[in-house]
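Input: a single structure, listed below in structure tokens.
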2 protein chains.
Amino acid sequence: MDEIVFRPLHTVACKVRCSSCNLREICLPVGLTREEMAHVDSIMVVGQRKVARGEALVHAGDRFDSVFAVRTGFFKSVITSSPGRQQITAFQTSGELIGLGGIDTGRHEVDVVALEDSQVCVIPYGELEALGRAVPSLQRQFHRHLSREIAADHEAMMQLGSMHAEERVAAFLLNLVHRLETRGFSSTSVLLRMSRDEIGSFLGLKLETVSRTLSKFQTDGLLFVRQRQIQITDPVGLKQVLEPAAA
Amino acid sequence: MDEIVFRPLHTVACKVRCSSCNLREICLPVGLTREEMAHVDSIMVVGQRKVARGEALVHAGDRFDSVFAVRTGFFKSVITSSPGRQQITAFQTSGELIGLGGIDTGRHEVDVVALEDSQVCVIPYGELEALGRAVPSLQRQFHRHLSREIAADHEAMMQLGSMHAEERVAAFLLNLVHRLETRGFSSTSVLLRMSRDEIGSFLGLKLETVSRTLSKFQTDGLLFVRQRQIQITDPVGLKQVLEPAAA
DNA sequence: CGCGAACTTGAGGCGTGTCAACCCCTGTGG
DNA sequence: CCACAGGGGTTGACACGCCTCAAGTTCGCG
């Protein structure tokens, strides 16, 4: 009811430059030369958008015309088929691209919701395509991002299809911590941005099972849990949860 | 022990032309004009390769330098993490691309195995990239294929994460039949190319559960099963398995 | 300070996994 | 042409992991 009313609903027409972004080593333009990045900056109009916690960045069914790169914050992508049936397909954080599943049909296939106040770059897909033709290494990086999402989805399928609850939760935590570590955060301490229910939706488990599993890990001395704050005390032990029969 | 010995292990250096391929309306070059397709034919060296039933097209860890388009036959893509833990991530048939998950790392992440004697086009990735720059609509189609795989993986995650056994099997059959229908096959009759065990691996179920579920569908009058031959007698009923509470 | 949402923990039920026996189909060799 | 072997498929009995339902606690936010 307050400031939300005044915030524009769509893209802020404020130009953002990749070359001066602190995510340039993680995000779309990884590995571009200074000149290439300057070229990208000069041609591609990248807008910026803020999304408040709980708000949707895109809705399923929306026309697809841009991909989004997370600058700051945390998002979930949720697919809904039959009413009531929902599945979180990914959690995205800084430097990760959102909306890639919509290129094919021209419509977004997921709802994307901010889990905390966040900021994204809005990258018009048409411009990205055109610029990819002019800057091969940008094209290459875009393809790598698409491919990375495919490989990540396969890993998620592996977890959903062939792991027990403890293994799924362990894999989830290790994956999350690893991604955060790449971004300069602690490798042993995480503040979860998502609820137990959301973790469960991603892992194909109920929230109670997630909660119980975290409690068990604490009992087993692998980590400390206090609500959404997690401190991993035995990273090796946590990895061993994934090894079927350790020596 | 017979002719297999004489079949070259790698790509047959035989040029294949997209323009004269009967899959051109389904495969990578969908929607290209006659001129564009001629251009593609003249530049891109697409090899061909035969893969016998049970043989691997690629192994996980292999250097990635080509994507493959299925011409004829059927494949499974299997990801293996910890020894013993396996997950089939997809079944591919004619017109579908294989190996897209390997672009990012430069190594294939899956084993791809033929489920019947098959033929693929070998599309060198470097050439595809270059040609995409020259032919925008080819680039667009390639992106759409990448995006389609992402969306398909999300659908698979939805099945694995939030459906019961009956729903998964029904969704699997409907998806399979739909894809085959697009290729001109019957929408009610399928000859499964994969074993119960392989279906189970894809769906996150045990082979016994797959078998039981198919039997139950038969008892319920939705279909006839005889080994790998399936005749869908009540397509509407089968779809209703996916609707939580039908009227 | 108090309400509601999120989380934890317990008890019991159900769906799918496990283990095992049997059947069917195919291919092979006598 | 039949016997046999073997892999794939079916079916049953039972076990167990996760879900369901429910009560109680903690935390965050207005």
Side-chain angles (χ1 to χ4, degrees), chain A residues 1-4 52-54 76 84-88 113 115-117 159-170 172-173 190-220 223-230 241 244, chain B residues 1-2 53-54 76 84-88 115-116 159-170 172-173 190-220 223-231 241 244:
Chain A
M1 281 291 189
D2 42 53
E3 64 153 27
I4 292 183
R53 175 190 166 134
K76 63 173 175 181
R85 207 196 288 291
Q86 291 206 144
Q87 175 72 29
I88 291 181
V113 178
L115 297 178
E116 58 180 332
D117 292 355
Q159 294 174 18
L160 289 165
S162 71
M163 289 187 182
H164 289 178
E166 292 186 20
E167 298 168 328
R168 294 186 204 186
V169 175
F172 169 75
L173 287 176
V190 208
L191 182 61
L192 298 177
R193 258 58 228 223
M194 67 292 284
S195 68
R196 302 288 188 265
D197 194 27
E198 287 163 334
I199 297 174
S201 171
F202 181 65
L203 295 178
L205 300 170
K206 293 293 149 181
L207 77 172
E208 295 94 329
T209 304
V210 175
S211 178
R212 271 186 249 275
T213 304
L214 288 173
S215 298
K216 176 163 190 305
F217 284 169
Q218 174 159 300
T219 304
D220 294 350
L223 46 75
F224 283 117
V225 204
R226 241 185 74 109
Q227 302 292 124
R228 299 197 175 183
Q229 182 64 55
I230 294 200
V241 174
Chain B
M1 281 291 192
D2 42 53
R53 176 191 165 132
K76 62 173 175 182
R85 207 195 290 291
Q86 292 206 144
Q87 175 74 28
I88 292 181
L115 296 178
E116 59 180 331
Q159 293 174 18
L160 289 164
S162 70
M163 289 187 182
H164 288 182
E166 290 186 22
E167 298 168 328
R168 295 187 203 185
V169 175
F172 169 74
L173 287 176
V190 208
L191 182 61
L192 299 177
R193 258 58 225 222
M194 66 294 284
S195 67
R196 302 289 188 265
D197 195 27
E198 287 164 335
I199 297 173
S201 171
F202 180 65
L203 295 179
L205 300 170
K206 293 293 151 182
L207 75 170
E208 293 95 329
T209 304
V210 175
S211 179
R212 271 186 249 274
T213 304
L214 288 173
S215 298
K216 175 162 190 305
F217 285 168
Q218 174 159 302
T219 304
D220 294 350
L223 45 76
F224 283 118
V225 203
R226 241 187 72 109
Q227 303 293 124
R228 299 195 175 183
Q229 183 64 55
I230 293 200
Q231 180 82 28
V241 174

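Because the structure is a prediction, the values reported are computed rather than measured. The chains referred to below are lettered A, B, ... by the order of the sequence lines, with proteins before strands, and numbering in each begins at 1.
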Separation of atom NZ in A:K216 from atom P in C:dC7, rounded to whole Å: 21 Å
Phosphate-side-chain proximity, A:T209 and D:dC19, N/O vs OP1/OP2 below 4.0 Å: yes
Residue-phosphate contact under 4.0 Å: B:R228 side-chain N/O, D:dG8 OP1/OP2: no
Sugar-phosphate, base or nothing in reach of B:R226, heavy atoms under 4.0 Å: sugar-phosphate
Sugar-phosphate, base or nothing in reach of A:L205, heavy atoms under 4.0 Å: sugar-phosphate
B:E208/B:R196 salt bridge by N-O under 4.0 Å criterion: no
Sugar-phosphate, base or nothing in reach of A:G200, heavy atoms under 4.0 Å: nothing
Distance in angstrom units between A:K206 NZ and D:dT20 P, rounded: 5 Å
Criterion side chain to side chain contact (heavy atoms under 4.5 Å, CB included) on A:L205 and A:R168, from CA distance to verdict: CA-CA 9 Å; A:L205 300 170; A:R168 294 186 204 186; 4.0 Å; yes
Spacing between A:L160 atom CG and C:dT16 atom C1', to the nearest angstrom: 16 Å
Out of C:dT8, C:dC19, D:dT10, whichever nucleotide has its closest atom nearest the side chain of A:V225: C:dT8
Euclidean distance, atom CG of residue A:L207 to atom C1' of D:dT25 [Å, nearest integer]: 15 Å
5' priority, DNA chain C, between A:H164 and A:S195 [closest heavy atom]: A:S195
Nucleotide D:dG7, atom C1' - distance to CE of B:M194 in whole Å: 18 Å
C:dC19 base / B:E208 side chain donor-acceptor hit below 3.5 Å: yes
Salt bridge A:R193-A:E116, side-chain N to carboxylate O under 4.0 Å: yes
Between P of C:dT16 and CD1 of B:I199, the distance in whole Å: 16 Å
N/O (side chain, B:S211) to phosphate O (OP1/OP2, D:dT11) under 4.0 Å: no
Reported CD1-to-NZ distance for the pair A:I88 and A:K76, which is rounded to 0.5 angstrom: 5.0 Å
Below 4.0 Å: OP1/OP2 of C:dT8 and any side-chain N or O of A:R212: no
Separation of C:dG27 P from B:R53 CZ (nearest whole Å): 9 Å
Residue B:R53 excluded, over 12 heavy atoms near CZ under 6.0 Å: no
Between C:dG17 (P) and B:D197 (CG): distance, integer Å: 12 Å
